[in-house]
Undergrad: 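Got a structure here, written out as structure tokens. Questions coming.
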2 protein chains.
Amino acid sequence: MKKVTITDVATYAGVSKSTVSQFLNQRFDYMSVETKERVDAAIKELGYQPNIIARSLKQRSTKTIGVIVANILHDFSTRVIRAIEDYCHTEDYHVIVCNADDNSEKEKRYIDMLRAKQVDGIILFPTSKNKTFYQDLMKDEYPFVFIDRLVPGVEADAVLLNNHQAAQLAVDQFVANGYQKIAVLAPPLFDPITPRLERIEGYQQSLEKNHIRPNPLYAINSALEKVEEQMKKLLLLSDPPEAILALNDRLLYQLLQYVKDQQIQVPQQLAIIGIDDVTFASLYTPSLTTVAQPAFDMGKKAAELLFKQFDNGASKKQVYRFAPEIIIRESCERKGNEI
Amino acid sequence: MKKVTITDVATYAGVSKSTVSQFLNQRFDYMSVETKERVDAAIKELGYQPNIIARSLKQRSTKTIGVIVANILHDFSTRVIRAIEDYCHTEDYHVIVCNADDNSEKEKRYIDMLRAKQVDGIILFPTSKNKTFYQDLMKDEYPFVFIDRLVPGVEADAVLLNNHQAAQLAVDQFVANGYQKIAVLAPPLFDPITPRLERIEGYQQSLEKNHIRPNPLYAINSALEKVEEQMKKLLLLSDPPEAILALNDRLLYQLLQYVKDQQIQVPQQLAIIGIDDVTFASLYTPSLTTVAQPAFDMGKKAAELLFKQFDNGASKKQVYRFAPEIIIRESCERKGNEI
DNA sequence: CTGAAAGCGCTTACAG
DNA sequence: CTGAAAGCGCTTACAG
């Protein structure tokens, strides 16, 4: 089927392309009712649909943004994307979703391609290794917003969890319930992403604030596949921990699998808190105390910041911190209490 | 920062735009090594990036596809999207993700906008109410693929689970383990989406095949918020079921919440199987027997079908059925056996 | 109130 | 081997 263009409509209606274009852009100020109706009829008659690509070329806006996450399968990313998409929908924008898999080369190619496709801006979970690349984006005044992570040396708009506070809420809860030997299960060391760094830091600071000396043996940095092995070692220590904080949902998941396999009693033998309020938190037995991130609010805020950049151009960049919320369930009940 | 265009590169290299364009499109057949190098240098020097929007206008391909799901937050959709995105990445395509929220008006607007943006094709979870609209797409020979659902009267390429078989695997498993009074928990009746229809049908056929007379009181159609209420009624029947099949992950989730709240023993008091292998299946106590859909394979297949349409134009449409797989865990252990 | 013309940044058939 | 020209489908400043 032959595509019908603005020229076809103009011919059919007996007016010029300009007039049709005015009509499409709702500039009726100087248009006679009669032409207006003729154009309207022609459009309906021919089933005309404007080619937005052509418009974009002229207007330098595609009404499309890019979102680059590590992996759309991660719960937090999915929620963030949903929030962004909802916001974009109200603004008549679309969103292109990309998975960078924490691979900075892949991320770079995506950014280049998205820009080549003239997307109006990008929201991304930055990998740690593209610093100069982000700096170039800034120099170009290309609109973008970081989410979940910061990149030292790049002063961009960013939306993050208050990670220190998240760890602190968990530690304080442990302490309030009588636990002193508190371990932490963190992602592997090699990737210096913000949440890991700040949550570990928050964990240590909170221990000190609670007058507990951090035990280096209690700080586990582990890839997902190694959690079982690491946990085994941890619990075989002569002075094993009685509580553990999982720094994200996937680590928590591995931890729970281990705990279940080994039939470890929670919280009697090991109290648990996880950061990220996973869907099965209330279903697990015992139900899980978690620290929730306001993922939707964060996604929405990121979108708002990006759109603000569209409107205002380059202005002072800001880092927004969102407060975590502890959801108290059973996996960290008072020590000594039986459930 | 001023955008650098192909004209700038041409001027800088002292050649024509055509030559630069040839270079960009790797048509080196008749290009002297010297010009090639000059152009190459100019591009690097100026930091030139082609404007793909301009190219798209001319070439009538945006190398972008649209994916419309009901809700990206649904586990199955997320996996499907991930598979599609991976496939597109290998083909240098991008994907625009849209949430139609099972709202046919919203879906229609998305399709219109995506076409207006000259997206090369669309993969969608169709709502049931846009039949004539899909037919128009077919008439236009616009490339699209259905996933998860069929629309009667629209002969499009489609990728679905073998839903009858999925229900049958579950029922057979119940029966094999000694359960005869088997209920089913299904989505509400008002929306005639394929998975619900076919799974219910499969459930009934399997009962009959196993010489069990279907008890209409055992077939629950319930919105998520009503599961608790409906389950209460079901279990108060004078002859309550001893097993129940949850037709999707979200219903399963509600069911488990109810079972946990009421401290119902699984499987002793109620054996459970769910369609969709949820992440917490192995973590739940008892671990959950589920029927898994090969979401990644299905997403990939949908992408392949779409790209085949790009290559071949309109050819005979096909419906692909994917085999479900039962993952046997503990929630449907042999009747009478204690765990 | 409406139209002719130029232009957005590319590609491509064709001429030389 | 390379360039001039037309064209993709729009928008917009300007003329009338």
Side-chain angles (χ1 to χ4, degrees), chain A residues 1-40 42-43 46-64 112-120, chain B residues 1-40 42-43 46-64 112-120:
Chain A
M1 157 153 168
K2 184 79 175 37
K3 269 275 175 191
V4 4
T5 74
I6 200 172
T7 313
D8 301 324
V9 176
T11 313
Y12 191 95
V15 297
S16 76
K17 290 193 302 176
S18 321
T19 304
V20 178
S21 179
Q22 308 283 21
F23 178 92
L24 292 174
N25 293 288
Q26 320 247 28
R27 281 194 266 279
F28 300 133
D29 320 10
Y30 304 102
M31 197 174 298
S32 71
V33 184
E34 202 232 352
T35 13
K36 193 167 147 185
E37 279 166 359
R38 278 232 304 286
V39 175
D40 194 34
I43 287 174
L46 300 173
Y48 169 70
Q49 282 226 308
N51 179 331
I52 297 200
I53 284 296
R55 173 184 300 167
S56 296
L57 181 58
K58 188 68 184 177
Q59 293 193 155
R60 295 149 182 305
S61 159
T62 51
K63 289 223 182 195
T64 304
D112 276 337
M113 279 306 295
L114 289 172
R115 291 188 73 190
K117 283 197 179 172
Q118 313 299 116
V119 301
D120 294 351
Chain B
M1 155 155 171
K2 183 80 176 39
K3 269 274 177 191
V4 2
T5 74
I6 199 171
T7 312
D8 300 324
V9 176
T11 313
Y12 191 94
V15 297
S16 77
K17 290 192 303 175
S18 321
T19 304
V20 178
S21 179
Q22 308 283 20
F23 178 91
L24 292 174
N25 293 287
Q26 320 248 30
R27 279 193 267 280
F28 300 133
D29 321 8
Y30 303 102
M31 198 174 296
S32 72
V33 183
E34 201 233 353
T35 14
K36 195 166 144 182
E37 279 165 359
R38 278 232 306 284
V39 175
D40 195 34
I43 286 174
L46 300 173
Y48 169 71
Q49 281 226 309
N51 178 331
I52 298 201
I53 284 296
R55 173 184 298 168
S56 296
L57 181 58
K58 186 71 184 173
Q59 293 193 155
R60 294 148 184 305
S61 160
T62 51
K63 290 223 182 197
T64 304
D112 275 337
M113 279 307 294
L114 289 171
R115 291 189 73 190
K117 282 197 180 171
Q118 311 302 115
V119 154
D120 293 351

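Convention: sequence-line order gives letters A, B, ...; per-chain numbering from 1. Computed from heavy atoms alone, side chains included, the values below leave out hydrogens, waters and symmetry copies.
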Undergrad: For C/dG9, take OP1 and OP2 only and decide whether either is under 4.0 Å from a side-chain N or O of B/Thr7.
TA: no

Undergrad: For A/Thr7, which residues count as a side chain to side chain contact (heavy atoms under 4.5 Å, CB included) partner, sequence neighbours excluded?
TA: A/Thr5, A/Thr11, A/Lys17

Undergrad: Using the rule given for side-chain hydrogen bond (donor to acceptor under 3.5 Å, both in side chains), can you reason through A/Thr35 versus A/Ser32, listing the C-alpha separation, both sets of side-chain angles and the distance that settles it, and then say yes or no?
TA: CA-CA 6 Å; A/Thr35 13; A/Ser32 71; 2.4 Å; yes

Undergrad: How would you list, by chain and number, every residue that makes a ring-ring contact (aromatic ring centres under 6.0 Å, His included) with B/Tyr12, sequence neighbours excluded?
TA: none

Undergrad: Does A/Asp120 reach the side chain of A/Thr64, with side-chain heavy atoms less than 4.5 Å apart?
TA: no

Undergrad: Taking only side-chain N and O atoms of B/Ser32, does any of them lie within less than 4.0 angstrom of OP1 or OP2 on D/dT2?
TA: yes

Undergrad: Just the rounded figure in Å: distance from C1' of D/dC10 to CD1 of A/Ile43.
TA: 13 Å

Undergrad: Once you round it to whole Å, what is the distance between P of C/dC1 and CD of A/Glu34?
TA: 12 Å

Undergrad: Classify every nucleotide of nucleotides 11-16 of chain C by which part a protein heavy atom approaches to under 4.0 Å, writing B for the base, S for the sugar-phosphate alone and - for neither, in 5'-to-3' order.
TA: BB----

Undergrad: Want to settle it: does B/Leu57 or B/Gly14 sit nearer the 5' end of DNA chain D, counting the closest nucleotide to each?
TA: B/Gly14

Undergrad: Quickly work out the B/Gln49 CD to C/dC10 C1' distance and round it to whole Å.
TA: 15 Å

Undergrad: Starting from the 5' end of DNA chain D, give me the residue, B/Val15 or B/Arg60, whose nearest nucleotide shows up first.
TA: B/Val15

Undergrad: Identify whether any heavy atom of A/Phe23 sits under 4.0 Å from a base atom; if not, whether one sits that close to sugar-phosphate; answer base, sugar-phosphate or nothing.
TA: nothing

Undergrad: Can you check whether B/Gln118 reaches B/Ser56 side chain to side chain, under 4.5 Å on heavy atoms?
TA: no

Undergrad: Run through B/Asn51, B/Ile43, B/Thr19, B/Leu24 and flag the one making a side chain to side chain contact (heavy atoms under 4.5 Å, CB included) with B/Ile6.
TA: B/Leu24

Undergrad: For B/Asp8 and C/dG9, give me the distance from atom CG to atom P, rounded to whole Å.
TA: 9 Å

Undergrad: B/Tyr48: which residues meet the ring-ring contact (aromatic ring centres under 6.0 Å, His included) condition with it, sequence neighbours left out?
TA: none

Undergrad: Can you run through DNA chain C from 5' to 3' and write each base as (, ), [, ], | or . depending on how it pairs? Watson-Crick or G-U wobble, both distances under 3.5 Å.
TA: |||.||||||||.|||

Undergrad: Restricting to side chain to side chain contact (heavy atoms under 4.5 Å, CB included), what partner residues turn up for B/Lys58, sequence neighbours left out?
TA: none

Undergrad: To the nearest Å, how far apart are A/Leu46 CG and D/dG9 C1'?
TA: 15 Å

Undergrad: Is the phosphate of C/dG3 approached by A/Ser16 (side-chain N or O, under 4.0 Å from OP1 or OP2)?
TA: yes

Undergrad: Between C1' on C/dC8 and CG on B/Asn51, what's the gap in Å once rounded to a whole number?
TA: 8 Å

Undergrad: Is the shortest heavy-atom distance from the side chain of B/Lys117 to the side chain of A/Lys63 under 4.5 Å?
TA: yes

